[in-house]
J.: 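Right, I'll just put the structure down here and ask away after.
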Amino acid sequence: MTLLQEYIVQQPALWRALLDSREEITGAFARRFGDLRPDRVVLIGSGSSHYAALMARPVLERAWGAEVTCLVPSEAAGARLTGERPLYLAISQSGVSTNTYELVTALTGAGHPVAAVTERADSPVGSAATLAVTLRIGEERIGAKTKGVTATVLTLMLLGLSVCRDETYRADMLAALDRLCRDAEENLARARAWSQARLAEILPFRHLYVLGCGSGLGAAREAALKLLETNYLPVSCYPLDEYLHGIQNALDESACLLCLLPPEGEDRSRMLRLADFARSVGARCALLSPDGSGEGETLHLLHCGREELQPLEFLPALQVLAADLSAARGIDTSRRRYPDFFSLMGSKMEGTVCPQKR
């Protein structure tokens, strides 16, 4: 088993630990921001941190009853991020993302409240923020983050629920999260079997397409990044609506689609029709469904009953596929392909630790 695969299988136990220790994780955040009642919440992060924000957004919007905007720092720097009572969450697992750090510094310097969600409170991002919420991930010595991404999603959701005034919604979501954790081992087992069964047919393709819609779109985007990071091949991600308006012209025998099916509704029907059409022109389609039903070749995942949590059902399955494909290609995902890239680009302040803010 590769190191990447080891981290992936650690996720069910990690999720359970996070859920069981939620009051300790969210306590300082709830005390600091519980009475804020923001009229706008802005989540800032790059790469996987940005996609984690997208996956958590539906829960945060219900929890706060406010607009939640997810932006990468370059978008945020040029956007109007004002409000009467804004709250900013800066997300960086490493805590050393240069652009996130610079934006957090600017926001706190202007008197805005910023909560950092990061692995180390004494990292540059954590130290620059008003309050740092530590990600309890354990060791993840690899560039292509997996358990860190899902732990970030879950931590963000728990932060929102800790200040949610809708008691019914909070109770329903905590019950659904409990079921998600109980189903996680079985879903990983199903994903491993599905991945191994599909591996030979997917391996020859040099360009993959990941399609999602609704709450599954954030997971689709992160899955595309993970497949690219671990296999060194172009991977494109499209919302279903966008794919149906032009991208379908690339469909032929060289195309392989990975489709994240909604559990019900018109989008599910359209995605199934697209899969049928794609196969009719020679493309390959692999389907994932969050409701335990579907076609024979579909990965049938157990569903916890809440649409907001579908990303945490979809994503580990596609992480498994990414890891299996890279292992079959002989790629060592524990090593960076270009070790000096971040320092040359100035995109991360690696090795930097700042004094913790009091």
Side-chain angles (χ1 to χ4, degrees), residues 7 29 41-57 60 68-79 81 86-110 112-156 159 218 221-226 228-230 237 315 333 335-357:
Y7 289 145
F29 179 87
V41 180
V42 181
L43 276 62
I44 301 159
S46 298
S48 291
S49 294
H50 175 58
Y51 300 140
L54 290 173
M55 287 184 268
R57 178 168 58 186
L60 300 183
V68 175
T69 306
C70 302
L71 299 172
V72 298
S74 58
E75 292 175 323
L81 301 180
L87 174 62
Y88 303 91
L89 276 74
I91 308 160
S92 173
Q93 182 173 336
S94 66
V96 297
S97 294
T98 305
N99 52 2
T100 302
Y101 166 75
E102 290 173 350
L103 184 57
V104 170
T105 301
L107 288 169
T108 55
H112 297 303
V114 181
V117 180
T118 183
E119 204 169 352
R120 295 187 58 170
D122 61 356
S123 66
V125 171
S127 297
T130 309
L131 174 73
V133 177
T134 304
L135 288 168
R136 302 186 178 194
I137 297 166
E139 180 183 80
E140 192 170 24
R141 294 181 293 104
I142 194 168
K145 306 301 185 185
T146 52
K147 67 175 183 175
V149 179
T150 59
T152 299
V153 176
L154 184 51
T155 299
L156 288 169
L159 290 175
R221 287 174 170 157
E222 168 59 19
L225 175 61
K226 215 53 52 187
L228 187 155
E229 282 183 309
T230 57
C237 176
L315 184 55
T333 52
R335 300 169 61 90
R336 288 180 178 171
R337 188 178 191 186
Y338 303 116
D340 298 330
F341 182 79
F342 293 132
S343 60
L344 288 171
M345 298 301 297
S347 54
K348 290 192 177 183
M349 303 172 284
E350 296 182 302
T352 304
V353 175
C354 298
Q356 189 168 357
K357 183 180 290 186

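Just so you know, these numbers use all the heavy atoms, side chains as well, and skip hydrogens, waters and symmetry mates.
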J.: Can you check whether Val41 reaches Leu60 side chain to side chain, under 4.5 Å on heavy atoms?
T.: no

J.: Report yes or no: does Glu140 contribute a side-chain atom to a donor-acceptor pair with the main-chain N or O of Thr146 at less than 3.5 Å?
T.: yes

J.: Does any part of the side chain of Leu107, heavy atoms only, come nearer than 4.5 Å to the side chain of Ile44, both counted from C-beta?
T.: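 Yes, at least one pair of side-chain atoms sits under 4.5 Å.
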
J.: Ala90: what forms a side-chain contact (heavy atoms from CB on, under 4.5 Å) with it, not counting sequence neighbours?
T.: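 Once residues adjacent in sequence are excluded, the partners of Ala90 under the side-chain contact (heavy atoms from CB on, under 4.5 Å) criterion are Thr100, Val104, Val114, Val125.
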
J.: Taking all non-hydrogen atoms of both residues, which atom of Glu119 and which atom of Gly138 are closest, and how far apart?
T.: OE2-O, 3.5 Å

J.: Using side-chain contact (heavy atoms from CB on, under 4.5 Å) as the criterion, list what pairs up with Leu228, not counting sequence neighbours.
T.: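 Leu228 satisfies side-chain contact (heavy atoms from CB on, under 4.5 Å) with Val235 only.
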
J.: Taking all non-hydrogen atoms of both residues, which atom of Glu75 and which atom of Cys70 are closest, and how far apart?
T.: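 It is OE1-O, 4.5 Å.
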
J.: Go through the structure and list residues passing side-chain hydrogen bond (donor to acceptor under 3.5 Å, both in side chains) with Thr150, not counting sequence neighbours.
T.: Gln11, Trp15

J.: Could you list the residues that satisfy salt bridge (charged side-chain N to carboxylate O under 4.0 Å, His left out) with Glu229, not counting sequence neighbours?
T.: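 Testing Glu229 for salt bridge (charged side-chain N to carboxylate O under 4.0 Å, His left out), a comparison that skips the adjacent residues, returns Lys226.
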
J.: Given side chains that start at C-beta, do those of Pro73 and Ser46 come closer than 4.5 Å, heavy atoms only?
T.: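 Contact flag for Pro73/Ser46 side chains = yes.
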
J.: Who pairs with Arg141 by side-chain hydrogen bond (donor to acceptor under 3.5 Å, both in side chains), at least two apart in sequence or on another chain?
T.: Glu139

J.: Applying side-chain hydrogen bond (donor to acceptor under 3.5 Å, both in side chains), name anything that partners Thr134, two or more places apart in sequence or on another chain.
T.: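 Thr134: no side-chain hydrogen bond (donor to acceptor under 3.5 Å, both in side chains) contacts found.
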
J.: Indicate yes or no: at least one non-hydrogen side-chain atom of Leu225 is less than 4.5 angstrom from one of Ser48.
T.: yes

J.: Partners of Thr155 by side-chain hydrogen bond (donor to acceptor under 3.5 Å, both in side chains), sequence neighbours excluded?
T.: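 In terms of side-chain hydrogen bond (donor to acceptor under 3.5 Å, both in side chains), with neighbours along the sequence ignored, Thr155 is linked to no residue.
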
J.: Less than 4.5 Å apart, side chain to side chain, heavy atoms only: is that true for Leu315 and Val153?
T.: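 No - every pair of side-chain heavy atoms lies 4.5 Å or more apart.
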
J.: Indicate yes or no: at least one non-hydrogen side-chain atom of Ile137 is less than 4.5 angstrom from one of Lys145.
T.: no

J.: Taking all heavy atoms of Tyr51 and all of Gly218, pick out the closest pair and write down the distance.
T.: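 Shortest heavy-atom separation between Tyr51 and Gly218 comes out as CB-O, 4.1 Å.
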
J.: Just how far is it from atom NE2 of His50 to atom CD1 of Ile91, taken to the nearest 0.5 Å?
T.: 9.5 Å

J.: Give the minimum heavy-atom separation between Phe29 and Leu131, together with the two atoms involved.
T.: CA-CD2, 3.6 Å

J.: Backbone N or O of Ser92 within a donor-acceptor pair of the Thr118 side chain at under 3.5 Å?
T.: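 The answer is yes, because a donor-acceptor pair under 3.5 Å joins these two groups.
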
J.: Could you tell me which non-hydrogen atom of Leu156 sits nearest to which non-hydrogen atom of Ala53, and how far apart they are?
T.: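 The pair with the smallest heavy-atom distance is CD1-CA, 4.1 Å.
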
J.: Compare every heavy atom of Val96 with every heavy atom of Pro124, then report the nearest pair and how far apart it is.
T.: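 Residues Pro124 and Val96, closest heavy atoms: CD-CG1, 3.9 Å.
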
